[in-house]
Visitor: 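My structure is below; once you've seen it, I'll send some questions.
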Amino acid sequence: MLAEIKGLNEECGVFGVWGHQDAAQLTYYGLHALQHRGQEGTGIVVSDGKTLKGVKGEGLVTEIFTADRMAELTGSAAIGHVRYATAGGGGYENVQPLLFHSQSGSLALAHNGNLINANSLKHQLEAQGSIFQTSSDSEVLAHLIRRSGFAHKNDQVKNALSMLKGAYAYLIMTENELMVALDPQGLRPLSLACLGDAYIVASETCAFDVIGAEYIRDIQPGELLIINDSGLKSEQFAVNSTKAMCMMEYVYFSRPDSNILGVNVHTARKNMGKRLAVEAPIDADVVTGVPDSSISAAIGYAEATGIPYEMGLIKNKYVGRTFIQPTQALREQGVKMKLSAVRGVVEGKRVVMVDDSIVRGTTSRRIVNLLKEAGATEVHVVISSPPIKNPCFYGIDTATKEELIASDKSVEEICKIIGADSLTFLSTEGMVAALGQTEGSNGFCLGCFTGNYPTEIYPDTLQYYYQRG
Ligand code: SF4
């Protein structure tokens, strides 16, 4: 499904380089590979060992980093960010990396995730005299580092990180160090690679492939990795860290050519489609997937059932970004512009339409309608994840609980609303098993499906997620 039209959006991707003369250029390519994680703003900060310098703006990687601007970014270390704004809102000031200068040196931050105790920390910090430059939750870390009473930078950072709750993959760069931190649940993906003598970190491994970097390992929950000219040092800032990787990274967000915790995303999605074939066998003529993220699951479903996979829906890649259109009605028109049903494939056919998830239901209804208008005699919708009944507090914009169609409607009711001939969701057990996990759901966050979240939830966060919009 297309991120912008679905109402289910990732909040950012990060990329960093240490020890390469073309650090900014490598970061450009890395961010380009991570563009699906956020299209509203992007930035790069470089270090030449003496000063930090940055370029950022609202727009796509290819729009912001012109040749002139790239020429300014000289240095052998860099961090970069692509942003999708939810908590804290949009605006130039919220585009990352955030850059801070002080008497004791400079600091740049790039964050993927969402802090669930940001509001209470901000209140405390403001009461102590901090003045925030942005409305983003990410900035809290810089103030906590600055106010830490420890003498050494690494201790300041570890102390500050230990106060944060929620999801965070942080890149923190000073003139002479790159620090990489992952929250104690490891909710967001973050991996390490090398390119010759240089170290590279990225939200997804697909960003390593485009620059020819060699994957080393994933950053561990509660780990602070410190990279400088002496090499790598790993420290643990959180005890009792337990892995709870976001399941939606596999279902929908990450690129199919990325590997998360050793599992290839395309393969995981294909396995979800195969499990669906067992849980929802349907007598049909063709299987089609909603581009792009549902294609892998559709291939798996077709392979397991023997029903031919066909390209029944195509995406027009050259339509402008839908997020600039503010209303639901206009978003729905965006669906029509972006997706087309292939009449020659679906006319007179019983179609299985595979999609990765249903959020509000409006997009699914529109796509079922497209297929029927193109002559499909039956449209059976199969979803390669369980119903999303709960909001996400960790940086995925899933909409509020009230907006989620599955929060208060049965599968039969949803089926009727979207106009399908049948509707089946993958079971939670099936989804987890598709990742090769045989010991239950340990290791994954399933909060938006089950309502069981891997961290405590703060009252101010609850209020935000249930009332906004
Ligand atoms: S609640 Fe859902 S979207 Fe949010 S981190 Fe957990 S699995 Fe991912």
Side-chain angles (χ1 to χ4, degrees), residues 1 3 6-14 36-38 84 86-87 111-118 137 164-170 182-190 203-204 218-219 221-222 241-255 258 260-261 263 265 268-269 272 293 355-360 383-407 425-435 437 440-458 461-462 464-466 468:
M1 175 68 71
K6 186 161 206 160
L8 189 61
N9 295 290
E10 177 61 86
E11 261 192 74
C12 316
V14 295
H36 59 288
R37 299 182 73 88
Y84 172 81
T86 52
H111 172 210
N112 173 32
N114 190 50
L115 305 180
I116 56 174
N117 63 340
D137 61 331
L164 305 181
K165 307 277 184 231
Y168 51 91
Y170 261 112
L182 188 62
D183 67 73
Q185 284 73 39
L187 277 152
R188 303 261 77 90
L190 189 61
S203 292
E204 288 186 41
D218 296 309
I219 309 301
S241 47
T242 39
K243 208 171 274 178
M245 172 59 68
C246 169
M247 182 57 88
M248 287 304 288
E249 292 281 354
Y250 292 101
V251 169
Y252 172 63
F253 293 117
S254 292
R255 262 178 44 164
S258 288
I260 307 172
L261 305 180
V263 177
V265 172
R269 289 180 188 159
M272 288 171 192
S293 56
D355 202 354
D356 48 68
S357 51
I358 295 183
V359 183
R360 295 179 175 88
I383 304 294
S384 59
S385 64
I388 299 176
K389 297 181 177 215
N390 307 282
C392 173
F393 302 104
Y394 307 120
I396 306 300
D397 180 18
T398 52
T400 63
K401 189 163 172 85
E402 287 73 26
E403 291 167 326
L404 293 167
I405 193 169
S407 71
F425 288 87
L426 183 62
S427 66
T428 307
E429 301 71 38
M431 178 173 65
V432 171
L435 296 176
Q437 172 67 272
S441 57
N442 289 342
F444 302 103
C445 174
L446 302 170
C448 50
F449 304 113
T450 62
N452 297 322
Y453 297 96
T455 67
E456 62 181 307
I457 302 299
Y458 282 65
T461 314
L462 272 177
Y464 169 73
Y465 278 90
Y466 283 82
R468 78 196 160 94

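Quick note: numbers below take in every heavy atom, side chains included, and nothing from hydrogens, waters or symmetry partners. Numbering starts at 1 and runs along the sequence shown. Numbering of ligands and ligand atoms starts at 1, following listing order.
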Visitor: Using a distance-only test with no angle check, is there a side-chain donor-acceptor pair under 3.5 angstrom linking Asp356 and Ser384?
Guide: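 No pair is found: no donor N or O on one side chain lies under 3.5 Å from an acceptor on the other.
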Visitor: Measuring from atom 4 (Fe) of ligand 1, count protein N/O/S atoms under 2.8 Å, please.
Guide: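 That number is 1, waters not included.
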Visitor: With sequence neighbours excluded, tell me which residues meet side chain to side chain donor-acceptor pair (under 3.5 Å) with Ser385.
Guide: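 Testing Ser385 for side chain to side chain donor-acceptor pair (under 3.5 Å), a comparison that skips the adjacent residues, returns none.
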Visitor: Quick one: ring-ring contact (aromatic ring centres under 6.0 Å, His included) partners of Tyr168, sequence neighbours excluded?
Guide: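 Counting only residues at least two positions away or on another chain, Tyr168 forms a ring-ring contact (aromatic ring centres under 6.0 Å, His included) with Tyr170.
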Visitor: Indicate the atoms forming the closest heavy-atom contact of Cys445 with Leu187, along with that distance.
Guide: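 Shortest heavy-atom separation between Cys445 and Leu187 comes out as CB-CD2, 3.6 Å.
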Visitor: Which atom names give the shortest non-hydrogen contact between Ala169 and Arg188, and what distance separates them?
Guide: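 Taking every non-hydrogen atom into account, CB-CB, 4.4 Å.
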Visitor: Sequence neighbours left out, what passes side chain to side chain contact (heavy atoms under 4.5 Å, CB included) with Lys165? Give chain and number order.
Guide: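 Once residues adjacent in sequence are excluded, the partners of Lys165 under the side chain to side chain contact (heavy atoms under 4.5 Å, CB included) criterion are Ile116, Asn117, Glu456, Tyr458.
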